Structure formats: structure tokens, C-alpha cells
Peer 1: 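Dropping the structure in here first, questions after.
Note that this is a predicted model, so its numbers are computed, not measured. Below, chain A is the first sequence line, B the second, and so on; all start at residue 1.
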Number of protein chains: 2
Amino acid sequence: MNTKNAPALHELAQDFREALRHSVYLVRRLDADGDLSAAQLSTLKMLLDDGVRVGEIARNLGVRVPSATEQIIKLERAGLARREADPDDSRAVRVVLTAEGRGAVESANQRRNAVMAGILESLTDDDRRALAAALPVIEKINSTLQN
Amino acid sequence: MNTKNAPALHELAQDFREALRHSVYLVRRLDADGDLSAAQLSTLKMLLDDGVRVGEIARNLGVRVPSATEQIIKLERAGLARREADPDDSRAVRVVLTAEGRGAVESANQRRNAVMAGILESLTDDDRRALAAALPVIEKINSTLQN
DNA sequence: TCCTAACTATTAGGATACCTAAGTATGAAC
DNA sequence: GTTCATACTTAGGTATCCTAATAGTTAGGA
């Protein structure tokens with residue numbers, strides 16, 4: 001892999017920023033599709049680990065607690081999630097998926113993945129390899145921001 | 001580079017989608033900083049080529065024309081852009097940057113790049129190479145969506 | 001020529017998702 | 001047991017996007 005010099009930091013930063021900015025359109029395309037908004041799907045996905053606190057959800061999504069509450073209330077009204085008392089701490093609320101919510105995550109994921117797969121179809125094998133190699137790096141970057 | 005098999009399309013699609021979804025937080029971090037919102041900076045950047053039509057801006061940003069108009073009006077009120085009659089077509093409007101607008105793009109870019117560089121600082125050389133190799137692929141993907 | 005259809009942009013009205021600030025209830029520390 | 005911190009909700013406001021309706025301009029065919 002060490003066949004090229006590592007790129008200069010400030011250039012890489014600028015190019016990566018551009019790429020992310022341009023990807024806004026791609027993300028919109030993926031989310032335009034379904035019956036579940038991007039924010040709601042993200043929130044639902046947090047619940048795949050059962051019994052998550054509101055504050056935890058907010059922190060993982062990178063939003064403030066009231067925004068998380070708002071989404072959860074919507075999901076609850078849609079019958080996709082349920083709020084339960086935390087047995088250990090009466091201040092806290094544990095949010096769980098309903099069966100319907102689990103199905104909604106599943107199908108929304110599949111639909112979006114299909115759209116993305118259609119978009120990536122035209123990539124060459126080299127392109128795919130290059131993209132796949134970068135994804136763990138991007139996840140590494142993102143994971144450093146989680147606090 | 002051909003040392004691994006190319007990843008399966010549907011897995012790559014899913015992983016890339018995850019990576020983009022997780023990057024929302026990173027993008028928010030970059031944009032939280034400045035005095036110029038993400039939407040406004042994106043719109044301003046479109047104007048670096050002088051005399052761009054409203055419809056062209058909208059198309060390039062991947063939004064509808066009224067949304068572009070809205071941003072342009074804000075930028076105009078802030079003294080960063082100016083709308084001018086198109087000499088060739090009286091229906092059309094050409095939007096141009098003011099000197100102040102040009103400065104604003106410059107400084108907003110620099111600030112965001114500095115934040116991003118700080119975040120990327122901890123990457124290894126291999127990480128940087130992998131990321132840099134994927135950026136043209138991502139741009140290729142994005143460019144296929146521009147219509 | 002003139003009429004119609006297509007195009008360009010704006011205005012109006014509404015939805016979503018985020019924010020801060022303030023309020024309620026519970027827990028923990030002394 | 002008072003006080004401070006924590007967990008969540010409620011209230012109010014802002015930014016960005018959308019669709020539908022409107023006004024003005026251009027272009028093409030009868």
C-alpha cells in the first residue's frame with residue numbers, strides 16, 4: 001500500500017471536506033425515497049440495542065436532548081417505538097423498538113441500500129476497492145467525534 | 001492495487017451509506033463554527049464563477065429554484081452577493097459575488113479546513129493514503145448525480 | 001403577426017428538524 | 001433534609017427545504 005507519499009494534511013482536509021459537501025445531494029437522494037425521514041431512521045437505528053436512554057440517543061446522533069425527545073415522540077405516535085420507565089432511575093426513560101418499528105428499520109434500510117447499490121453499480125473494481133479501503137478510515141474519524 | 005477482491009456491491013453500498021450517515025455529525029461540527037451557514041456557504045461557492053443563473057445554482061446544489069432564491073436573497077441582504085439582469089434573457093437573473101462575499105467564502109473555507117485538518121491530524125499515513133485514494137471515487141459518484 | 005406553450009424567477013404557505021431557555025421530577029452528597 | 005446535579009419535557013423560535021400559484025419573457029407555429 002505504501003506506494004505513494006501520504007498527502008499533505010491541509011490538502012486532504014480540503015478535498016475530504018469538498019467530497020462530503022458534494023455528498024449532501026447523494027444523501028438527499030437516498031432519503032427522498034422512503035416513508036421514514038433521515039432523522040427518524042437514524043433515531044430508530046439507535047434503538048436496535050434495546051432500552052436506550054434519551055440522552056444516549058441524543059449523544060450518539062450528535063443532537064441535543066430536546067431534538068431526540070421530539071423524534072422519539074413522533075416515532076411513538078407512529079407506533080414504531082415505546083417509552084418505558086427505567087427501573088434503576090426514575091428520572092430516565094428507556095426507549096424500545098416495537099415489532100413494527102423493527103420492521104420499519106429493516107425495510108427502510110433495504111430500500112436505501114438498493115438505491116445506493118444502483119448508484120455504485122457503475123464503479124470499476126478498482127473504484128470499489130479504493131472506496132472500501134477508505135470506509136474504515138472514515139468510521140475511525142467519526143468515532144473520534146462521539147464525545 | 002489489485003491485491004484484494006473487489007467488495008460485493010450490496011455490502012459496499014451498505015457500508016458507504018453507514019459512513020455517510022455517521023459523517024453527518026462531522027459535517028455539523030465543521031459548520032457549527034463559522035458565521036456562514038452550510039447552505040449559504042455552498043450557495044456562495046457557486047458564485048465563484050461569475051454571473052451564474054438562479055436555476056443553475058439550484059441545479060448544482062441539488063435544491064429547487066425557490067430554495068436557491070431564498071438563499072440568494074439572504075446573501076444579498078448580507079451584502080455578499082448581488083442580483084443583476086441578464087442582458088441576453090430578461091427572464092433570467094445573474095448572481096455575482098461582491099468583494100465582501102469573496103472574502104467571506106475565503107475565510108469561511110479556511111476556518112472549516114483548519115477544523116477538518118485538526119480532526120484528520122491523528123490519522124496514520126496509511127489512513128491518509130486510503131482516504132485520499134477514495135476521494136476521486138466519491139467525486140465520481142457525486143458527479144453522476146448532477147442532472 | 002399573434003397566440004400558445006415553455007421557461008425563469010419570485011412569492012406564499014407549510015413541513016421538518018434543529019436550537020436555547022425554562023420547568024418538573026428524581027437522585028446523590030453532605 | 002437541603003442543595004446541587006441529572007434526565008427529560010415543554011415552549012418558542014430559526015433555518016432550510018418543499019409545492020403551488022403568480023408574473024413576466026421568450027420562442028415557435030398557424
Peer 1: Pick base, sugar-phosphate or nothing for B:Val93, based on heavy-atom distances below 4.0 Å to the nucleic acid.
Peer 2: sugar-phosphate
Peer 1: Rounded to the Å, how far apart are B:Leu75 CG and C:dT10 C1'?
Peer 2: 16 Å
Peer 1: If I take atom CD1 in residue A:Ile73 and atom P in nucleotide D:dA11, what distance separates them, rounded to the nearest angstrom?
Peer 2: 10 Å
Peer 1: A:Arg28 CZ to D:dC18 P: how many Å, rounded?
Peer 2: 6 Å
Peer 1: Under 3.5 Å, is there a donor-acceptor pair between the A:Ser23 and B:Asn142 side chains?
Peer 2: yes
Peer 1: Looking only at side-chain atoms of B:Ser37, point me to the closest of C:dC19, D:dT16, C:dA17.
Peer 2: D:dT16
Peer 1: Give a yes/no on whether any side-chain N or O of A:Ser67 is located under 4.0 angstrom from OP1 or OP2 of C:dC19.
Peer 2: yes
Peer 1: Using a 4.0 Å heavy-atom cut-off across all strands, classify B:Gln71 as base, sugar-phosphate, or nothing.
Peer 2: sugar-phosphate
Peer 1: Let's see if you can work this out: which of C:dA17, C:dT10, C:dA21 has an atom nearest to the side-chain heavy atoms of B:Val54?
Peer 2: C:dT10
Peer 1: Mapping A:Ser90 and A:Arg64 onto DNA chain C by nearest heavy atom, which one lands closer to the 5' end?
Peer 2: A:Arg64
Peer 1: For the pair made of CD1 in A:Ile72 and P in C:dA17, what is the distance, rounded to whole Å?
Peer 2: 13 Å
Peer 1: In whole Å, what is the span from the OH atom of B:Tyr25 to the P atom of C:dC19?
Peer 2: 10 Å
Peer 1: Output the rounded distance in Å from CD (A:Glu84) to C1' (D:dA7).
Peer 2: 17 Å
Peer 1: Does atom CZ of B:Arg83 have more than 12 heavy-atom neighbours from other groups under 6.0 Å away?
Peer 2: yes
Peer 1: Give the rounded distance in Å between these two atoms: CG of A:Asp86 and P of D:dC8.
Peer 2: 8 Å
Peer 1: What string of B, S and - do you get for nucleotides 1-6 of chain D, 5' to 3', if B is base contact, S is sugar-phosphate-only contact and - is no contact with any protein heavy atom under 4.0 Å?
Peer 2: -----B
Peer 1: Would you classify A:Arg83 as touching base, sugar-phosphate or nothing, given that sugar-phosphate means primed atoms plus P, OP1 and OP2, and contacts are heavy atoms under 4.0 Å?
Peer 2: sugar-phosphate
Peer 1: Within this structure, what is the CD1-to-C1' distance between B:Ile57 and C:dT8, rounded to whole angstrom?
Peer 2: 13 Å
Peer 1: Between A:Lys74 and C:dT16, does any side-chain N or O lie under 4.0 Å from OP1 or OP2?
Peer 2: no
